[in-house]
There are 2 protein chains.
Amino acid sequence: MQNQSTKNSADTLNITLTDRLFDSLQRAIVEGEIPQGSKISEPELARQHGVSRGSLREAIARLEARKLVERKPNLGARVVTLSYEQLIEIFQLREALEGMSARLAAQNMTEMEIEELQALLQQHGDQIAEQHGQAYFQKQGDLDFHYRIVQGSKNKQLIALLCNDLYQLLRMYRYQFGMRSKRSQQAYEEHHYLINAITARDAEMAELLMRQHIRSSRRNVEAVFLEQL
Amino acid sequence: MQNQSTKNSADTLNITLTDRLFDSLQRAIVEGEIPQGSKISEPELARQHGVSRGSLREAIARLEARKLVERKPNLGARVVTLSYEQLIEIFQLREALEGMSARLAAQNMTEMEIEELQALLQQHGDQIAEQHGQAYFQKQGDLDFHYRIVQGSKNKQLIALLCNDLYQLLRMYRYQFGMRSKRSQQAYEEHHYLINAITARDAEMAELLMRQHIRSSRRNVEAVFLEQL
DNA sequence: AAAAACAAAAGTGTCGACACATTTAAAAAT
DNA sequence: ATTTTTAAATGTGTCGACACTTTTGTTTTT
């Protein structure tokens, strides 16, 4: 058996260069540091990060899989361009997926997890009372809440899809569109209804409420967009 | 301007080596030619296909994104191992996603597309009458039908997710588990109800029927699995 | 002067080689 | 003989180089 200091602690937590690159680029893209629609020059980016093109390419391939960049053969990769239409499509996806998540969460969350979720919501309530709806914490809080419910579904496919893929795109929209929410108070209340349904193990109701919650969130976005014109 | 024979016809239909490799490997995995759970040796596979490891690696990365292989740093890639639990999870995903697809299809399909769908279903009916439910055509037909409805949703996110990612996994299950369906007749009828709802542009009903259709398909799978024990 | 043809520059696709990690096999120690 | 150490072999991660494509800039042609 090998020495413990060289051997990796438990499982394979071996972080590869490509992993770090991917994380770094994903953050940069989501936060708009690399602007949407901009072309990615492999030689330049590789030099900036001090890595070879090969490693960079693998990172880009992963970004492509998450739909954060689009690549065309021989033409190179571009950061995706966000659009109102796509955002609406994503809301439709979320309505379906998170609706199902809520249904499954009502069935599969442990009592412990439900209690923790209630505690989290309580915390959000305090924050709202204090600082009268500061946008950032609200949005982060909303995402936390949804995140936990997805985890609670215990469906690995759902979890991977929503938490890894879709939420990054959503975060990108939030960063880049601003997306001020005038409905933190209402969202908070809707979360309350949802948690009640889950506590009561009412799967049907949980799905219904989640879908309504996301739909009204979408309508809010639609309204914001319309008034921007 | 360049000569037309060397220049690619219209857009960029430039097929890269990695593309072909990916297609080839995906087919091999889905059809079980490369058995599930087996380790993928990069040098060996690269040699077999007469390509460099770099290209192969990019292809594997794509397979990983589609969850057809799992890769662990420094340990290499393995073809996924199919499990009953995962199959059930996939059915839950489908229920959510295809339910939404049907809803949107009822709203967004053109009259033309609906007619084509009806024609397709008619064709399936003929086949069933003729050859008293041959498994293969049934399954393929079922997939065709679902495929078109997803397309009809006009939601690009949904389409990419279902048609590119999820259906490949499903096909893999069908190839490798056999998955004899004793309900081709019933599935055919359920498709009929669905098409009626779509023709009537009843989105709510379309979603409901699709979800029920997939749920009963799932129950069939569950039953088959139980009797195998 | 505008369009076409050509040449140079930059970029992407593919490859082979090396460094490091893991696995396998052999040798040494108990 | 069993276990531990050591060494060889295999495999993955990363790199730099070359071939071919696309883009850019210049020259030629009308």
Side-chain angles (χ1 to χ4, degrees), chain A residues 1-26 34-35 37-65 68-80, chain B residues 1-26 34-35 37-65 68-80:
Chain A
M1 180 55 75
Q2 210 165 332
N3 171 343
Q4 196 68 357
S5 54
T6 46
K7 175 83 178 157
N8 303 300
S9 53
D11 209 30
T12 306
L13 318 160
N14 235 329
I15 298 299
T16 168
L17 221 189
T18 302
D19 290 331
R20 278 200 299 278
L21 249 182
F22 169 70
D23 286 341
S24 168
L25 291 178
Q26 173 167 262
I34 306 177
S38 66
K39 184 165 185 323
I40 293 177
S41 164
E42 293 183 5
E44 189 183 327
L45 246 194
R47 195 176 36 70
Q48 281 179 11
H49 289 254
V51 301
S52 82
R53 267 185 61 222
S55 304
L56 175 65
R57 268 170 141 279
E58 294 207 16
I60 292 179
R62 285 200 222 168
L63 292 170
E64 189 185 13
L68 292 176
V69 315
E70 284 169 356
R71 168 184 268 169
K72 285 177 185 168
N74 289 318
L75 296 187
R78 309 191 84 90
V79 177
V80 290
Chain B
M1 180 55 74
Q2 212 166 330
N3 171 343
Q4 195 68 357
S5 53
T6 47
K7 174 79 178 161
N8 304 301
S9 53
D11 208 29
T12 306
L13 320 161
N14 234 329
I15 298 299
T16 169
L17 221 191
T18 302
D19 290 332
R20 277 200 300 277
L21 248 183
F22 169 71
D23 287 341
S24 167
L25 291 178
Q26 172 166 261
I34 306 178
S38 67
K39 184 165 185 324
I40 293 177
S41 164
E42 293 182 4
E44 190 183 326
L45 246 194
R47 194 176 36 71
Q48 280 179 13
H49 289 254
V51 302
S52 81
R53 268 185 59 222
S55 304
L56 175 64
R57 269 169 138 280
E58 294 209 15
I60 292 180
R62 284 200 222 169
L63 293 171
E64 188 185 14
L68 292 176
V69 314
E70 285 170 354
R71 168 185 267 171
K72 285 177 183 169
N74 289 317
L75 296 188
R78 310 191 85 90
V79 177
V80 290

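A note on names: the letters A, B, ... follow the listed sequences, proteins ahead of strands, and every chain is numbered from 1.
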Value rounded to 0.5 Å, distance of CG in B:N14 from NZ in A:K72: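 With rounding to 0.5 Å, CG (B:N14) is 12.5 Å from NZ (A:K72).
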Selection: residues 16-26 of chain B, any non-hydrogen atom under 4.0 Å of DNA chain C: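 Under 4.0 Å from DNA chain C: B:T16, B:L17, B:T18.
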What is the distance from [atom1] of [X] to [atom2] of [N], rounded to the nearest Å?
X	N	atom1	atom2	result
B:N14	D:dA19	CG	P	19 Å
A:I15	D:dT12	CD1	P	19 Å
B:R47	C:dG16	CZ	C1'	16 Å
B:L56	D:dG11	CG	C1'	13 Å
B:I60	C:dT14	CD1	C1'	16 Å

Check: A:E70 main-chain N/O paired with A:R78 side-chain donor or acceptor under 3.5 Å: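 Here the side-chain-to-backbone pair does not exist.
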[X]: which residues meet the side chain to side chain contact (heavy atoms under 4.5 Å, CB included) condition with it, sequence neighbours left out?
X	result
A:E58	A:T18, B:R57, B:R71
A:S41	A:P43, A:E44
A:V79	A:I29, A:I34, A:Q36, A:S38, A:I40, A:M172

Set of residues satisfying side-chain hydrogen bond (donor to acceptor under 3.5 Å, both in side chains) with respect to A:D19, sequence neighbours excluded: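 A:D19 satisfies side-chain hydrogen bond (donor to acceptor under 3.5 Å, both in side chains) with A:R62 once adjacent residues are dropped.
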Heavy-atom side-chain proximity of A:L56 to A:L25 below 4.5 angstrom: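 Yes - at least one pair of side-chain heavy atoms lies under 4.5 Å apart.
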Single hit among A:L21, A:V69, A:V80 for side chain to side chain contact (heavy atoms under 4.5 Å, CB included) with A:L63: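 So, applying the side chain to side chain contact (heavy atoms under 4.5 Å, CB included) to A:L63 and each of A:L21, A:V69, A:V80, only A:V69 qualifies.
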Between the protein and nucleotides 10-12 of chain C, list the N/O to N/O atom pairs that are separated by less than 3.5 angstrom.
from: C:dT12; atom 1: OP1; to: A:K39; atom 2: NZ; distance (Å): 2.9
from: C:dT12; atom 1: OP1; to: A:I40; atom 2: O; distance (Å): 3.4
from: C:dT12; atom 1: OP2; to: A:E42; atom 2: N; distance (Å): 3.2
from: C:dT12; atom 1: O3'; to: A:N74; atom 2: N; distance (Å): 3.4

C:dC15 phosphate, OP1 or OP2, under 4.0 Å from B:S52 side-chain N/O: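 For C:dC15, OP1 or OP2 has a side-chain N or O of B:S52 closer than 4.0 Å.
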